[in-house]
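Since the structure comes first, as structure tokens, the remarks are kept for the end.
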Amino acid sequence: MIIQRVVLNSRPGKIGVPVAENFRLEQSTISDTIQEGQVCVRTLYLSVDPYMRCRMNEDTGSDYLQPWQLSEVADGGGIGVVEESKHKNFAKGDFVTSFNWPWQTVAILDGGLLQKLVPQLVDGRLSFFLGAAGITGLTALLGIKEKGHVSAGANQTMVVSGAAGACGSLAGQIGRLEGCTRVVGIAGTDEKCSILVSEMGFDAAINYKKGNVAEQLCELCPGGVDVYFDNVGGDISDAVISQMNQNSHVVLCGQISQYNKEMSYPPPLPPEVEKIRKERNITRERFLVLNYMDKQEASILQLCQWIKEGKLKVRETVVEGLENIGAAFQSMMNGGNIGKQIVSVSK
């Protein structure tokens with residue numbers, strides 16, 4: 001069977017900025033027959049995420065992420081429909097997902113690595129299972145629950161950096177749903193800040209490209225910061241941590257401002273900020289959602305319920321065509337989209 005696939009064409013280098021040309025669309029073939037336990041799937045949606053920047057390096061710097069290999073097909077979160085099955089759990093027409101879905105139009109996968117999806121949980125919006133009702137939503141919800149220590153009635157203020165991104169836009173809303181009384185986002189354009197406040201229920205938002213972030217934080221968070229959902233790292237995070245309260249908590253989700261640099265994870269704080277963190281007993285622990293998969297099912301059901309009730313607003317940027325996945329990745333890394341970045345491969 002002739003298929004199309006996207007492979008890693010070149011590496012940007014540890015400190016290079018990824019571009020669309022780092023990926024290459026090519027034609028390939030797969031077997032016309034499947035073996036016992038396998039499933040043939042047609043790809044519907046692929047997820048493009050910041051963590052993938054690490055997979056473009058020869059060494060990801062992580063023990064749970066494998067690097068993409070040159071001239072080999074890339075992979076990540078994906079959704080497809082079963083076209084043929086020799087696995088007992090799946091039948092033709094089932095919708096399925098995997099964390100390691102190959103970037104190709106049709107694939108033969110081990111059925112044991114797939115999860116069946118229930119479209120009714122998201123009113124048929126299958127792509128939501130890659131974002132708000134998938135690993136992105138899980139990261140926001142479990143990060144806040146496990147590391148944020150949000151308590152209803154505790155009058156907590158939460159700040160979210162990268163707040164217009166896939167995870168940040170959900171984290172601010174979930175922080176509110178879990179009990180925060182004030183939620184402030186940090187984003188990179190006036191449009192994004194406006195959407196955070198008018199559509200997603202943030203109390204305020206800061207355009208970090210305009211004015212002094214520390215001064216604006218001081219004005220918007222007069223009682224200090226109790227929970228910080230950190231997606232970016234760098235100078236922005238230094239400014240937030242400097243205004244955090246005693247016994248407060250950093251949810252260390254991502255460090256996108258540092259991904260094009262040589263860094264350890266989590267990257268160390270500047271000495272003066274680390275001194276503040278220690279003096280105020282601010283927790284800043286590495287968070288990995290895969291360590292909490294025992295809570296996945298209940299958490300997904302909670303997220304789907306909030307979505308159906310309209311309590312969790314979902315934004316997606318959908319790019320059509322497998323051939324455009326490299327450009328979608330470049331745009332996402334440049335902060336050009338609002339919400340989750342999805343590539344629609346076929347209808």
Side-chain angles (χ1 to χ4, degrees), residues 1-8 25-49 51-52 55 60 62-69 72-139 142 288-304 322 325 340 342-347:
M1 184 188 307
I2 298 173
I3 64 164
Q4 287 187 313
R5 68 178 193 171
V6 170
V7 303
L8 184 65
L25 180 72
E26 64 180 27
Q27 188 170 285
S28 186
T29 59
I30 60 172
S31 174
D32 289 324
T33 59
I34 62 175
Q35 305 300 314
E36 199 64 36
Q38 291 183 328
V39 179
C40 179
V41 293
R42 177 167 52 89
T43 304
L44 299 177
Y45 298 103
L46 295 170
S47 177
V48 179
D49 301 286
Y51 82 86
M52 292 174 170
R55 301 192 68 189
T60 65
S62 168
D63 53 6
Y64 66 91
L65 289 177
Q66 295 300 311
W68 287 328
Q69 299 301 317
E72 295 292 334
V73 66
D75 68 303
I79 289 172
V81 61
V82 175
E83 298 206 317
E84 184 183 358
S85 175
K86 288 191 176 179
H87 191 283
K88 62 181 181 179
N89 292 344
F90 305 105
K92 184 176 181 179
D94 285 346
F95 295 105
V96 292
T97 187
S98 170
F99 292 135
N100 300 109
W101 196 286
W103 288 6
Q104 57 193 57
T105 50
V106 179
I108 295 173
L109 303 176
D110 178 352
L113 302 178
L114 297 173
Q115 289 178 289
K116 189 184 294 188
L117 298 174
V118 182
Q120 294 84 350
L121 288 175
V122 289
D123 292 331
R125 297 290 299 273
L126 281 171
S127 58
F128 282 11
F129 285 116
L130 291 178
I135 194 71
T136 309
L138 283 174
T139 300
L142 292 172
L288 179 60
V289 70
L290 298 178
N291 290 338
Y292 301 94
M293 285 297 97
D294 59 316
K295 301 180 180 180
Q296 176 183 2
E297 186 174 351
S299 298
I300 291 290
L301 290 175
Q302 175 66 82
L303 290 163
C304 290
L322 182 62
I325 198 166
K340 183 70 178 180
I342 300 286
V343 175
S344 175
V345 178
S346 61
K347 299 295 184 184

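- For D32, the salt bridge (charged side-chain N to carboxylate O under 4.0 Å, His left out) criterion is met by no residue, not counting sequence neighbours.
- Going from atom CD of Q115 over to atom CZ of F90 covers 8.5 Å, rounded to the nearest 0.5 Å.
- Proximity of a side-chain donor or acceptor of S299 to a complementary backbone N or O of L138 within less than 3.5 Å is not detected.
- For the pair C40 and V106, the tightest heavy-atom approach, listed with the atom from each and the gap, is SG-CG1, 3.7 Å.
- In terms of heavy-atom proximity, L322 sits nearest to Q4 at CD2-O, 3.7 Å.
- Residues V345 and T105 meet the side-chain proximity criterion, which asks for heavy atoms closer than 4.5 Å.
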Query raised in the report: Step by step, would you call D123 with F128 a side chain to side chain contact (heavy atoms under 4.5 Å, CB included)?
Result: CA-CA 10 Å; D123 292 331; F128 282 11; over 6 Å; no
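- Residues satisfying the side chain to side chain donor-acceptor pair (under 3.5 Å) test with W103, not counting sequence neighbours, are none.
- Scanning both residues, K340 and S47, for their nearest heavy atoms gives NZ-OG, 2.8 Å.
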Query - Residues N100, L109; criterion side chain to side chain contact (heavy atoms under 4.5 Å, CB included); working and verdict - result: CA-CA 10 Å; N100 300 109; L109 303 176; over 6 Å; no
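- Note that CD1 of I79 and CD1 of I342 are 7.0 Å apart. Values are rounded to the nearest 0.5 Å.
- Between atom NZ of residue K86 and atom CD of residue E36 there is a gap of 6.5 Å, rounded to the nearest 0.5 Å.
- Put simply, the side chain of Q69 does not reach to within 4.5 Å of the side chain of V7, judged on heavy atoms.
- Here I30 contributes atom CD1 and M1 contributes atom CE; the two are 4.5 Å apart, rounded to the nearest 0.5 Å.
- When all heavy atoms are compared, the tightest approach of S346 to L44 is O-CD2, 3.4 Å.
- Considering all non-hydrogen atoms of both residues, V122 and C304 come closest at CG1-SG, 3.9 Å.
- Considering T136, V343, I135, T97 in turn, T97 is the only one that fulfils the side chain to side chain contact (heavy atoms under 4.5 Å, CB included) rule with L130.
- We find the CG-CZ distance between D75 and R55 to be 4.0 Å, quoted to the nearest 0.5 Å.
- Atoms CG and CE, from L65 and M52 in turn, are 10.0 Å apart once rounded to the nearest 0.5 Å.
- Counting only heavy atoms from C-beta outward, the side chains of V39 and V96 never approach each other to under 4.5 Å.
- The salt bridge (charged side-chain N to carboxylate O under 4.0 Å, His left out) test applied to K116 returns D94, not counting sequence neighbours.
- In this structure, D110 contributes its side chain and G112 its backbone to a donor-acceptor pair below 3.5 Å.
- Scanning both residues, A133 and I300, for their nearest heavy atoms gives O-CD1, 3.0 Å.
- Within the 4.5 Å cutoff, the side chain of L121 has heavy atoms near those of the F129 side chain.
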